[in-house]
Participant: 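Take this structure, written in structure tokens, and hold onto it; I'll ask about it next.
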Protein chains: 2
Amino acid sequence: MNNPYDPLLAHVRKFIPLEAEEVTALTNALRYKKVKKKEFLLREQQVCTANYFVLSGCLRMYFIREDGVEQITQFAIENWWLTDFQSLDWQQPSRFYIQTIETAELAILDRDTLSALFDHLPLLERYFRLVVQRAFAAAQQNLFFIYSSTGEERYRRFSTSFPQFVQRIPQYMIASYLGFTPEFVSKIKSRLK
Amino acid sequence: MNNPYDPLLAHVRKFIPLEAEEVTALTNALRYKKVKKKEFLLREQQVCTANYFVLSGCLRMYFIREDGVEQITQFAIENWWLTDFQSLDWQQPSRFYIQTIETAELAILDRDTLSALFDHLPLLERYFRLVVQRAFAAAQQNLFFIYSSTGEERYRRFSTSFPQFVQRIPQYMIASYLGFTPEFVSKIKSRLK
DNA sequence: CGCGACGTTGATTTGCCTCAACGATTGTGG
DNA sequence: CCACAATCGTTGAGGCAAATCAACGTCGCG
């Protein structure tokens, strides 16, 4: 009964009920993949073909600014989906990279498989509607953070709201996500003591 | 056959097919409202109860920063949905205001009505999944803009990508949305000539 | 007409970046 | 197991983009 997708099945069940045969259909649609640290799931210019669910480990999504600096836009830890919808929906080349920060175990849903699965399991539309809605709410929240007050304040709120990220993720990546330089984060930290 | 919801029905049909009786069900679930300039649909601390579709006119969503300045996070013109999902999903007090910029005609879907409608019209889950997915992609795109290059460049990209906004919306609101002061926008514009 | 809302322009200030040098830690091959 | 390089974090000096503050022009509207 134990299978590697258990965290995902539990996540789905938080939103919709699942019959035994539906579990089978869903499980058959998934691909399992174990990925080493710093491997890429998506690179700039590639067309994104899948949605990634993190069973264990940690991912980041980022793009390269014109000045050559990496700009992180999202992290994903256990129980988060990550993909570039802009590329996935319209099959356009992506402007983003998706890369593992730590060794990770993933449940992968390919675009075509998923769209077939929806016809079989209509309630899954609700699950993904709610998941994307939640992600969108998080993006709105993120905008709220970005524009609230000073950089120092922003760092303080981030590290109190998401201490699990501050522990796991290197400081220069936190800096990138918050939109400033590693040096500046360092100076903020020394000021906070 | 002509009814005020036509733009919305057309929008839905871009994503899913609609039978005549489904049109009736959907239409019965909607509320029509004509709203004057500068009226509020949501204020800070209120719990958001509905999702708003713009039939005509223009809305903005914003919050008040700690220093008292209004920070706009989204605009909505014809054929866009706007709501605070964070407040709507978990029935929390909102941190945002939603206000009309121009006189507007709205199609309103109340939270409870919508959830009943989903059981009746399962395909509507797909419609909203795709709409929210599209909104989320736009939010990702917005983050990309925010962190790409300088303020001047950002203004330039915005005004070439969304000229319809620059025409309709007062300059100080564009400034707020882009995250800088009205004075600065003014200076950029003079530099661009 | 006169007032309030909006936009412009200039002088000054400041938050964060840039650049550079220097510890601390990690990991890797001999 | 050590030597050495690479990676990551810290600290300080100087610079720049955008904010702040203030004054003035202009338009629309009661």
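Every value quoted in this text rests on a predicted model; they were computed, and no experiment measured them. In what follows, every chain begins at residue 1, and chains take the letters A, B, ... in the order their sequences are listed.
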Participant: Other hydrophobic cluster members with A:Val47, side-chain heavy atoms of Ile/Leu/Val/Met/Phe/Trp/Tyr under 4.5 Å, chained?
Facilitator: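 Members alongside A:Val47: none; it stands by itself.
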Participant: So which protein nitrogen or oxygen atoms get under 3.5 Å of nucleotides 8-14 of chain C's nitrogens or oxygens?
Facilitator:
residue	atom	partner	partner atom	Å
C:dT8	OP2	B:Gln171	NE2	2.6
C:dT8	OP2	B:Ser186	OG	3.0
C:dT8	O5'	B:Ser186	OG	3.0
C:dG10	N7	B:Lys187	NZ	3.3
C:dG10	O6	B:Lys187	NZ	3.3
C:dA11	N6	B:Lys187	NZ	3.3

Participant: Does the ring of A:Trp80 carry A:Arg134 above it, NZ/CZ under 6.0 angstrom from centre and within 45° of its axis?
Facilitator: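 Yes.
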Participant: Check whether A:Phe144 forms a cation-pi arrangement with B:Arg95 (NZ or CZ under 6.0 Å from the six-membered ring centre, at most 45° off the ring normal).
Facilitator: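 Yes - B:Arg95 lies over the ring of A:Phe144, closer than 6.0 Å to its centre and within 45° of its axis.
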Participant: Mind checking whether B:Phe53 and B:His11 have parallel, tilted or perpendicular rings, split at 30° and 60°?
Facilitator: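 Geometry flag for B:His11 against B:Phe53: tilted rings.
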Participant: Reading DNA chain D 5' to 3', which nucleotide is the first, and which the last, to come under 4.0 Å of any heavy atom in chain A?
Facilitator: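 The protein-touched segment is D:dC8 to D:dA13.
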Participant: Check the orientation of B:Phe162 and B:Phe165. Use parallel for under 30°, tilted for 30 to 60°, and perpendicular for over 60°.
Facilitator: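 The arrangement is perpendicular - the two ring planes meet at more than 60°.
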Participant: Decide side chain to side chain donor-acceptor pair (under 3.5 Å) for A:Ser56 and A:Glu105; before the verdict, give the C-alpha distance in whole Å, the side-chain angles of both, and the deciding distance to 0.1 Å.
Facilitator: CA-CA 5 Å; A:Ser56 75; A:Glu105 294 177 288; 3.0 Å; yes
Participant: For residues 141-170 of chain A, which residues have at least one heavy atom under 4.0 Å from DNA chain C?
Facilitator: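 Nucleic-acid contacts, sorted: A:Thr150, A:Gly151.
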Participant: Using the six-membered ring wherever Trp is involved, compare the ring planes of A:Trp81 and A:Tyr127 and label them parallel, tilted or perpendicular (cut-offs 30° and 60°).
Facilitator: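 Rings of A:Trp81 and A:Tyr127: perpendicular, as their planes differ by over 60°.
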Participant: Between A:Glu39 and A:Lys33, is the salt bridge (Lys or Arg N to Asp or Glu O under 4.0 Å) condition met? List the steps.
Facilitator: CA-CA 12 Å; A:Glu39 273 187 43; A:Lys33 192 172 185 185; 5.6 Å; no
Participant: Would you say that A:Leu143 contacts B:Ile146 through its side chain, given a criterion of any heavy-atom pair below 4.5 Å between the two side chains?
Facilitator: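 Yes - at least one pair of side-chain heavy atoms lies under 4.5 Å apart.
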Participant: Which residues, if any, of residues 64-72 of chain B bring a heavy atom under 4.0 Å of DNA chain D?
Facilitator: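 Close to the strand, none.
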Participant: Can you classify the ring geometry of B:Tyr32 versus B:Tyr5 as parallel (below 30°), tilted (30 to 60°) or perpendicular (above 60°)?
Facilitator: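 Plane angle over 60°, so perpendicular.
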Participant: All N/O contacts under 3.5 Å from nucleotides 21-28 of chain C to the protein, with atom names and distances to one decimal?
Facilitator:
none

Participant: I'd like to know if the side chain of A:Gln86 pairs up with that of B:Gln140 as donor and acceptor (distance under 3.5 Å, no hydrogens or angles considered).
Facilitator: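 Note: A:Gln86 and B:Gln140 side chains miss the donor-acceptor criterion.
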